[in-house]
Amino acid sequence: MRDVRRAFPFLPDRCLDFSAACNRHTFRDLAFALAKLHFTKETPSVACYDWLIEVTERTDDPALVAKAEEAKDFYVTDRATHQRFSFTSW
């Protein structure tokens, strides 16, 4: 498990507690909420996806972890032309 709190000490523990509410129905909303921290806390966008991955790792749902990792790959790294990603398709 990543220790994003060490790298970004301003991250409130409450954000990591999102795992209690994280499921396939709330994943997109939680991802968007974490992404907004990129603008309000002047953090690298990659950090928001690292937080999302840590939140999903705490759910013990491998599908959520895989989706968070896919989101990070899609939004942070170079992607192929016409490559698609959906927060809601499982």
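Residue numbers count from 1 along this sequence.
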Reported CG-to-OG1 distance for the pair N23 and T59, which is rounded to 0.5 angstrom: 9.0 Å
Within one Ile-Leu-Val-Met-Phe-Trp-Tyr cluster: V65 and Y75, side-chain cutoff 4.5 Å: no
Atom of C22, atom of T26 and distance for their closest heavy-atom approach: CA-OG1, 3.4 Å
Spatial distance of atom CZ (R58) from atom CD1 (I53) [nearest 0.5 Å]: 13.5 Å
Backbone of F87 reached by a side-chain donor or acceptor of R28 within 3.5 Å: no
Side-chain (E54) to main-chain (W51) donor-acceptor, under 3.5 angstrom: no
Pairwise distance SG(C48) to NZ(K72) - rounded to 0.5 angstrom: 11.0 Å
Separation between CG of D61 and CZ of F27, rounded to the nearest 0.5 Å: 10.0 Å
F85 reachable from W90 in the ILVMFWY side-chain graph, under 4.5 Å edges: yes
Student check: side-chain heavy atoms of E70 and S86 closer than 4.5 Å: no
Minimum heavy-atom distance A63-R24, with the two atoms named: CB-NH2, 3.0 Å
Spacing of R84 atom CZ and F74 atom CZ [to the nearest 0.5 Å]: 8.0 Å
Hphob cluster co-occupancy, L34 + V76, side-chain heavy atoms under 4.5 angstrom: yes
Gap separating the OH atom of Y49 from the OG1 atom of T56, nearest 0.5 angstrom: 13.0 Å
